[in-house]
Amino acid sequence: MRAVVQRVNGARVEVAGETVGEIVGEGLCALVGVTHDDTPEKAAQLARKLWSVRILQGEKSCSDNGAPLLVISQFTLYGDARKGRRPTWNAAAPGPVAEPLVDEMVAQLRALGARVETGRFGADMKVSLTNDGPFTVLLEV
């Protein structure tokens, strides 16, 4: 699993004009991709990393100050555009594999005490955020 994580000062995701997930103030927005060999254990490991990574202001983590997270599934994180002009998605897990793992990661975050908002798996989502810093990192487990 991999996640592109942005430190934000507010973020939201809309589907068909409806806000389905939103965080206000300092927090993290995580775009999460799943590949074929990912497991529930990797989902739990990524959840722990997201909860404890110290990239908020003052080198704090979400666990330090209770900052919320917006988690959005993003199969395109496993796109490969090294050859030609059109990316391939062969490394991205199909929906029936990926959706339960993203759900497991969110459940693990919530079990750790995180406030988590989400997008809607497989939907045409519009994500807006204020990148704070800007600060963006790639996490991979």
Side-chain angles (χ1 to χ4, degrees), residues 1-83 85-141:
M1 291 183 84
R2 65 176 53 148
V4 172
V5 183
Q6 296 180 302
R7 182 176 69 196
V8 298
N9 186 8
R12 77 167 185 251
V13 60
E14 295 180 358
V15 175
E18 172 195 357
T19 298
V20 296
E22 180 174 24
I23 61 174
V24 177
E26 183 180 48
L28 297 178
C29 179
L31 307 175
V32 177
V34 178
T35 193
H36 301 281
D37 62 352
D38 286 332
T39 63
E41 292 76 24
K42 285 187 177 182
Q45 185 180 3
L46 183 57
R48 288 189 303 272
K49 188 71 165 175
L50 283 169
W51 184 232
S52 63
V53 67
R54 296 182 175 279
I55 61 174
L56 297 177
Q57 293 290 339
E59 295 186 12
K60 300 284 186 182
S61 67
C62 289
S63 66
D64 290 331
N65 63 9
L69 299 98
L70 177 62
V71 174
I72 301 165
S73 63
Q74 183 90 29
F75 79 94
T76 61
L77 292 183
Y78 280 99
D80 185 351
R82 290 179 288 183
K83 293 175 78 175
R85 297 181 299 148
R86 185 173 301 158
T88 64
W89 315 110
N90 297 337
V97 173
E99 186 173 12
L101 290 173
V102 173
D103 290 346
E104 176 64 18
M105 194 205 67
V106 169
Q108 290 289 328
L109 276 166
R110 289 179 174 145
L112 291 167
R115 185 170 69 84
V116 184
E117 297 284 323
T118 64
R120 190 170 292 153
F121 193 91
D124 181 16
M125 295 179 276
K126 307 297 183 215
V127 180
S128 59
L129 56 89
T130 301
N131 193 321
D132 183 11
F135 200 111
T136 304
V137 296
L138 176 65
L139 301 178
E140 204 155 6
V141 296

Value rounded to 0.5 Å, distance of [atom1] in [X] from [atom2] in [Y]:
X: L69; Y: W51; atom1: CG; atom2: CH2; answer: 7.0 Å
X: S128; Y: L70; atom1: OG; atom2: CG; answer: 9.0 Å
X: L50; Y: M1; atom1: CG; atom2: CE; answer: 9.0 Å
X: L56; Y: S61; atom1: CG; atom2: OG; answer: 7.0 Å
X: E22; Y: L129; atom1: CD; atom2: CG; answer: 12.0 Å

Checklist entry - Has the side chain of T39 got a donor or acceptor atom that lies under 3.5 Å from a matching backbone atom of K42? => result yes
Checklist entry - Under the 3.5 angstrom rule, does the side chain of R7 hit a backbone N or O of N131 as a donor-acceptor pair? => result no
Checklist entry - Looking only at heavy atoms, which two atoms of C29 and A11 are closest? And how far apart? => result CB-CB, 4.4 Å
Checklist entry - At their closest point, which heavy atom of S73 faces which heavy atom of G122, and how far apart are they? => result OG-N, 4.4 Å
Next on the checklist: For W89 and F75, I'd like to know if the aromatic rings sit close, meaning centre-to-centre distance below 6.0 Å.
Outcome noted: yes
Checklist entry - Checking side chain to side chain contact (heavy atoms under 4.5 Å, CB included) for the pair D124/V15: CA distance, chi angles, key distance, verdict? => result CA-CA 6 Å; D124 181 16; V15 175; over 6 Å; no
Checklist entry - Crowded around R12 CZ? As in, over 12 foreign heavy atoms under 6.0 Å? => result no
Tell me which donor-acceptor pairs under 3.5 Å the side chains of residues 92-121 have, and how far apart each pair is, sequence neighbours excluded?
unit_1: E104; atom_1: OE2; unit_2: Q108; atom_2: NE2; d: 2.7
unit_1: R110; atom_1: NH2; unit_2: V116; atom_2: O; d: 2.8

Next on the checklist: Using side-chain heavy atoms (C-beta onward) and a distance below 4.5 Å, is V32 in contact with L46?
Outcome noted: yes
Checklist entry - Stepwise, does the side-chain hydrogen bond (donor to acceptor under 3.5 Å, both in side chains) test hold for E26 with N65? => result CA-CA 10 Å; E26 183 180 48; N65 63 9; 3.2 Å; yes
Item to check | V8 and its side chain to side chain contact (heavy atoms under 4.5 Å, CB included) partner, picked from L28, T136, D132, I23 | outcome: I23
Checklist outcome for this item: So the salt bridge (charged side-chain N to carboxylate O under 4.0 Å, His left out) pairs with at least one residue in residues 43-61 (sequence neighbours excluded) are R54-D64
